[in-house]
Amino acid sequence: MLTQTIMAALGPIIVGGAVGWLSGKYGFIKRDYSQAFADFVVKIALPIALFLAALSSSPSSILNADYALAMAAGLVLAYVVAYVVGKVVYKHNRADATMQALSASFPDMAYCGPPILLATVGSSGLIAMVIGNLIYTVIILPIALMMIGGGNKGQSAWKSFGKSVSQPLVFLPILGAVLAVAGVEVPDVVKNSLNELGKTAGGVALFFLGLFLSGIKMNVRSEIVFNVIVKNILQGAVILGVGLALGLEGMLLKSAFIIGILPTATATPALAVANDVYKDESASTVLLSTLVSLVTMTLGIVVVSEWL
């Protein structure tokens, strides 16, 4: 049973990623097209999938403050630790240290989250992606972008916040959660029609991940290893510890912990390139974190299946 769970969780990641990587490496599909695949996932398929996940979630899960607090503790602590180390140990300026913090704390919820959550927890576990995504995109990311951009901080913060909440990846899950809490019934024909798009998110996302990674050359040094340790190990441990301390159990504890053991989000190199900071290091962190996650996620699945 445990072996089947591990294969069900990692199989899609390995196969989808490998097909994308081979396609990009050997020119079957141009790596330049990776942005189109990413846009489809982040702007259409995944927001719809998260809307449906939120819509089908119980109000008690959505309104569970301890659940959100456990995930926020891991996300925020990993960010703070990496930022401080970036400033103090690696002597980065504020922008580079901020991008290092993002590289060591931003989970790949969009691309690796669905297969492992579905295999270990079931569709109800996708609520963790909704809560985790809201914490990161509404709170952490606007602050990080303000720190990278500098200038008029008040204006930057509000502009970043407004841009974040206007994205389908943010407002559609919020809408689904509001409808679920309000007890609004959406007709099955609407849900089934949307699901035809939403269920493509996982496969297309994993193909994109491989296609994107096919053009990255990994540069392993102590800083990159540190980022991966914080993201792949420390973050999950913090979420698990805080969750246990707060009395979480069952699906809530398992799904929150899974968010913490996901590799670094592929969005971080895009942000690094867009802001011209920490570009090579961010890309190397994503590649090493993704490779190491095949081991750490396997261990995480064992923890979820056997002990939680």
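Numbers for residues simply follow the sequence, beginning at 1. For the numbers below, each heavy atom of this structure counts, side chains included, while hydrogens, waters and symmetry mates do not.
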So, taking the atom named [atom1] in [X] and the one named [atom2] in [Y], what distance separates them when rounded to the nearest 0.5 Å?
X	Y	atom1	atom2	value
Ser34	Phe207	OG	CZ	9.5 Å
Ile258	Met129	CD1	CE	12.5 Å
Leu22	Ile29	CG	CD1	11.5 Å
Lys199	Ile48	NZ	CD1	12.5 Å
Ile148	Leu102	CD1	CG	5.5 Å
Leu252	Ile131	CG	CD1	10.0 Å

Which pair of non-hydrogen atoms, one from [X] and one from [Y], has the smallest distance, and what is that distance?
X	Y	answer
Ala45	Thr200	CB-OG1, 3.7 Å
Met109	Ile259	CG-CD1, 3.9 Å
Pro59	Ala180	CG-O, 3.7 Å
Gln235	Pro107	OE1-CG, 3.7 Å
Pro47	Pro173	O-CD, 4.5 Å
Ile239	Gly260	CD1-CA, 3.7 Å

Q: In sequence, state the C-alpha distance, the side-chain angles, and the governing distance for His92 and Glu223, and then conclude on side-chain hydrogen bond (donor to acceptor under 3.5 Å, both in side chains).
A: CA-CA 11 Å; His92 289 311; Glu223 182 176 349; 2.7 Å; yes
Q: For the pair Leu253 and Leu240, evaluate side-chain contact (heavy atoms from CB on, under 4.5 Å) and give the outcome as yes or no after the intermediate values.
A: CA-CA 7 Å; Leu253 182 61; Leu240 180 59; 4.0 Å; yes
Q: Please list, chain by chain and in numerical order, all residues satisfying salt bridge (charged side-chain N to carboxylate O under 4.0 Å, His left out) with Asp188, sequence neighbours excluded.
A: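 Salt bridge (charged side-chain N to carboxylate O under 4.0 Å, His left out) check on Asp188 returns Lys191.
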(Q) Strictly distance-based, threshold 3.5 Å: is any side-chain N or O of Lys231 a donor or acceptor partner for the main-chain N or O of Phe226? (A)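 Not a single qualifying donor-acceptor pair exists.
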Q.
Would the distance check show the side chain of Lys30 and the main-chain N or O of Gly27 forming a donor-acceptor pair, the cut-off being under 3.5 Å?
A.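 Flag not set: sc Lys30 to bb Gly27 has no pair under 3.5 Å.
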Minimum side-chain heavy-atom gap [X]-[Y] below 4.5 Å:
X	Y	value
Leu248	Asn64	yes
Phe171	Pro168	yes
Val190	Pro187	yes
Thr290	Thr264	no
Trp21	Phe212	no
Ser284	Leu288	no
Leu179	Phe51	yes

Does one hydrophobic cluster hold both [X] and [Y], with members joined at side-chain heavy-atom distances below 4.5 Å?
X	Y	value
Ile233	Val303	no
Val304	Leu294	yes
Leu299	Leu10	no
Leu194	Val184	yes
Leu63	Leu175	yes

Q: Given side-chain contact (heavy atoms from CB on, under 4.5 Å), test Tyr278 with Thr98 step by step and report yes or no.
A: CA-CA 9 Å; Tyr278 208 69; Thr98 299; over 6 Å; no
Q. Under a 4.0 Å N-O cut-off, is there an ion pair linking Lys254 with Glu249?
A.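 So Lys254 does not pair with Glu249 through a salt bridge.
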(Q) Between Asn232 and Ser293, do the side chains contain a donor N or O and an acceptor N or O under 3.5 Å apart? (A)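 The criterion, which ignores hydrogens and geometry beyond distance, is not satisfied for Asn232 and Ser293.
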Q. When you look at Ile301 and Ile116, which way does the side-chain contact (heavy atoms from CB on, under 4.5 Å) test go after all the steps?
A. CA-CA 8 Å; Ile301 292 170; Ile116 189 170; 4.0 Å; yes
Q) What's the verdict on side-chain contact (heavy atoms from CB on, under 4.5 Å) for Ile261 and Phe257, showing C-alpha distance, side-chain angles and the deciding distance? A) CA-CA 7 Å; Ile261 63 173; Phe257 173 62; 3.8 Å; yes
Name the atoms and distances for all side-chain donor-acceptor pairs under 3.5 Å in residues 67-77, with sequence neighbours left out.
| residue | atom | partner | partner atom | Å |
| --- | --- | --- | --- | --- |
| Tyr67 | OH | Ala128 | N | 3.4 |
| Tyr67 | OH | Ser255 | OG | 2.6 |

Q. With respect to Gln100, which candidate in Asn227, Thr285, Thr268 satisfies the side-chain hydrogen bond (donor to acceptor under 3.5 Å, both in side chains) definition?
A.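 In the set Asn227, Thr285, Thr268, the residue that makes a side-chain hydrogen bond (donor to acceptor under 3.5 Å, both in side chains) with Gln100 is Asn227.
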Q. With respect to Ser105, which candidate in Tyr79, Tyr83, Tyr136 satisfies the side-chain hydrogen bond (donor to acceptor under 3.5 Å, both in side chains) definition?
A.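 For Ser105, the side-chain hydrogen bond (donor to acceptor under 3.5 Å, both in side chains) check succeeds only for Tyr136.
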